[in-house]
Amino acid sequence: MKLKIKNPATGQLVQEVPINTEEEIQQKLKRGHESFNNWFKVNAHYRSKLLKKWSNKVQGAKEEIAKTITLESGKPIQESLNEVDYATSYIDWYAEEAKRIYGRTIPANSESKRVIVTRQPVGLVAAITPWNFPAAMMTRKAAPALAAGCTFIIKPAENTPLTTIKLVQLAHEAGIPEDVVQYVNGYGNEVGKLFTASTYVKKITFTGSTTVGKLLMKDSADTVKHISLELGGHAPLIISEDADIDFAVSQTIASKFRNAGQTCICVNRVLVHENIVDEFSEKLTKEVVKLKVGNGLEKDINIGPIINEKGFDKIIYQINDAMQKGAEVLCGNNYNANRDAGCFFIHPTVLKNVNENMAIMQEETFGPVIPLTTFKEIEEAVEIANSTPYGLAAYFFTNDYRTGAYFHENLDFGIVSWNDGAPSAAHTPFGGMKESGLGREGGIEGIESYLETKYLSIGGLKK
Ligand SMILES: NC(=O)c1ccc[n+]([C@@H]2O[C@H](COP(=O)([O-])OP(=O)(O)OC[C@H]3O[C@@H](n4cnc5c(N)ncnc54)[C@H](O)[C@@H]3O)[C@@H](O)[C@H]2O)c1
Ligand SMILES: O=C[C@H](O)CS(=O)(=O)O
């Protein structure tokens with residue numbers, strides 16, 4: 001059996017990839033477990049050096065990797081080039097953090113005792129990643145795992161395995177042992193069961209939909225595995241009456257239309273103060289219609305294809321549902337669908353007069369659609385923003401520090417972005433609250449979940 005990797009912009013076959021058998025996967029899990037005993041004894045400074053070599057190898061293949069990302073995911077080539085840099089920024093960050101895994105001593109309650117706290121890697125980590133950032137979602141997990149001294153095995157998304165395969169190959173070329181970082185290919189529900197059932201696997205790290213995250217969390221309970229979940233989002237963006245409207249327009253577009261709106265932290269709901277909604281929607285629409293839709297391999301394309309038919313149908317449903325319930329289309333709502341070839345393009349769409357009864361305000365869109373709704377008081381805006389099960393990213397635009405402080409303290413989201421449409425970076429603790437996930441990736445927090453804490457109590461010392 002093989003996976004057929006197709007270009008979502010053209011439907012053309014890019015490459016076929018063998019699906020691993022259960023026996024092959026079990027063998028890899030065993031090897032990943034057994035190699036842990038040697039890898040975690042490698043000193044942190046040497047692990048750091050190997051990670052830096054890996055980063056340099058990836059940067060050396062930047063153009064090739066970026067083209068692979070675009071061919072299998074559809075995202076515009078410039079975004080793919082940016083993703084390679086984003087991916088290596090995690091390797092670079094954790095190459096340094098490898099050398100800063102500190103323990104501590106604790107004053108004992110007796111002269112004859114000493115207490116020492118140490119940290120050690122959890123063991124073999126199994127990762128499952130999504131299609132939309134095939135490079136960065138892999139390194140955001142592999143880099144801290146390897147830096148901590150864990151061994152690592154990953155199953156990439158069925159439609160975008162090629163980038164991960166290349167990154168693992170480059171890790172081996174950099175000198176990271178083959179059994180220390182491995183990949184398998186297959187269908188999520190099948191491989192996921194093998195990962196969660198295996199006693200070799202000490203931690204599951206998953207990035208993807210909330211639905212799948214809940215399944216993995218349940219199945220990991222049987223062997224009490226460590227688990228990190230980076231799940232779905234439904235980001236609100238609040239524009240206060242005092243906001244710089246032109247700046248807010250530019251930042252809304254920067255967040256919303258990245259990867260054709262197919263990122264977990266894309267703005268999904270825009271809440272505009274009622275006194276400025278007409279000016280904001282007019283200026284926003286004027287800029288949105290300038291965005292070019294097409295094959296991401298072509299230069300100057302801003303919006304690539306929707307990844308698959310399921311994603312396309314969900315977006316179109318949300319637009320139609322909103323229109324039937326009274327939304328006004330300011331631009332877009334036209335699309336090209338070739339169901340036989342599996343190619344789907346949606347032109348960037350702006351909807352006005354949106355209300356809470358519409359599906360687009362309740363469910364993650366994962367597409368190039370901006371629904372505009374209004375508010376009068378900031379308390380009302382926060383109530384709307386917090387009203388879904390998601391808590392990943394929230395954005396707000398204001399130049400009033402009291403309003404900003406209120407939003408920061410009252411928005412229930414792991415990432416709260418003030419006058420900034422692009423908050424993601426390797427040095428930040430990325431992650432969600434509520435049903436958007438567990439744990440953080442990036443920053444000093446991102447390596448914690450790959451470490452156990454142990455303390456040594458020494459007694460019987462001479463007084
Ligand atoms: N929070 C984040 O950092 C983040 C980042 C990217 C994407 N996402 C979320 O991911 C979703 C889109 O990505 P997607 O379509 O690839 O998500 P998905 O959950 O459908 O698939 C993600 C991965 O899970 C695997 N999978 C599918 N069913 C599985 C199962 N039953 N058991 C185990 N694994 C299974 C898939 O093969 C794939 O590798 C969106 O909801 C988006 O918000 C979140
Ligand atoms: O889609 C989810 C990614 O985590 C978004 S980002 O690249 O980290 O901003």
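Only this structure's heavy atoms are used, side chains among them; waters, hydrogens and symmetry mates stay out. Order of appearance sets the numbers: ligands from 1, and atoms from 1 within every ligand. Residues take their numbers from the sequence shown, with the count starting at 1.
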Which is closest to atom 11 (C) of ligand 1 in terms of heavy atoms, Gly188, Pro134, Ser209?
Ser209

Kindly confirm or rule out an N or O of Gly192 lying under 3.5 angstrom from an N or O of ligand 1.
no

Protein contact for atom 21 (O) of ligand 1 (heavy atom, distance under 4.0 Å):
no

Atom 24 (O) of ligand 1 - nearest protein heavy atom and its distance:
Phe206 CE1, 3.2 Å

Any N or O on Lys155 sitting closer than 3.5 Å to an N or O of ligand 1?
yes

For atom 3 (O) of ligand 1, the option (of Met137, Arg140, Glu441) bearing the nearest heavy atom
Arg140

Options Ala393, Gly208, Cys264, Gly432, ranked by nearest heavy atom to atom 9 (C) of ligand 1, top entry:
Gly208

Looking at Glu173 and Lys53, does any basic side-chain N land under 4.0 Å from a carboxylate oxygen?
no

Answer whether the closest heavy-atom distance between the side chains of Glu452 and His226 falls below 4.5 Å.
yes

With a distance cut-off below 6.0 Å to the six-membered ring centre and an angular limit of 45° from the axis, does Lys75 pair with Phe133 as a cation-pi contact?
yes

Nearest protein heavy atom to atom 28 (N) of ligand 1, by residue and atom, and its distance?
Val212 CG2, 3.5 Å

Ionic contact status for Lys290 with Glu287, cut-off 4.0 Å
yes

Ignoring angles and geometry beyond distance, decide whether Glu158 reaches within less than 3.5 Å of ligand 1 through its nitrogen or oxygen atoms.
yes

N-O pairing of Lys314 and Glu363 below 4.0 Å:
no

Classify the ring geometry of Phe312 against Tyr335: parallel below 30°, tilted from 30° to 60°, perpendicular beyond 60°.
perpendicular

Considering only non-hydrogen protein atoms, determine which one is nearest to atom 40 (C) of ligand 1 and report residue, atom name and distance to 0.1 Å.
Glu364 OE1, 3.4 Å

Does the pair Glu158/Lys4 count as a salt bridge with the N-to-O cut at 4.0 Å?
no

Among all the protein's non-hydrogen atoms, which is closest to atom 14 (P) of ligand 1, and how far away is it?
Trp131 CD1, 3.7 Å

Should Glu190 and Lys193 count as an ion pair when the cut-off is N to O under 4.0 Å?
no

Tyr187 N/O under 3.5 Å from ligand 1 N/O
no

For the pair Phe396 and Phe407, name the ring-plane relationship: parallel under 30°, tilted 30 to 60°, perpendicular over 60°.
tilted

Ionic contact status for Lys62 with Asp85, cut-off 4.0 Å:
yes

Of all protein heavy atoms, the one nearest atom 1 (N) of ligand 1 is Leu231 O, 2.8 Å

Identity and separation of the nearest protein heavy atom to atom 23 (C) of ligand 1
Thr129 O, 3.4 Å

Nearest heavy atoms of Phe345 and Gly294, plus distance in Å:
CE2-O, 3.4 Å

Looking at Glu435 and Lys214, does any basic side-chain N land under 4.0 Å from a carboxylate oxygen?
yes

Could you check ligand 2 for N or O atoms lying under 3.5 Å from protein N or O atoms and list the pairs with distances?
from     : atom 1 : to     : atom 2 : distance (Å)
ligand 2 : 1 (O)  : Asn132 : ND2    : 2.9
ligand 2 : 1 (O)  : Cys264 : N      : 2.8
ligand 2 : 4 (O)  : Arg140 : NH1    : 3.3
ligand 2 : 4 (O)  : Arg140 : NH2    : 3.1
ligand 2 : 7 (O)  : Arg258 : NH2    : 2.6
ligand 2 : 8 (O)  : Tyr86  : OH     : 2.7
ligand 2 : 8 (O)  : Arg140 : NH1    : 3.0
ligand 2 : 9 (O)  : Arg258 : NH1    : 3.0
ligand 2 : 9 (O)  : Arg258 : NH2    : 3.3
ligand 2 : 9 (O)  : Ser424 : OG     : 2.5

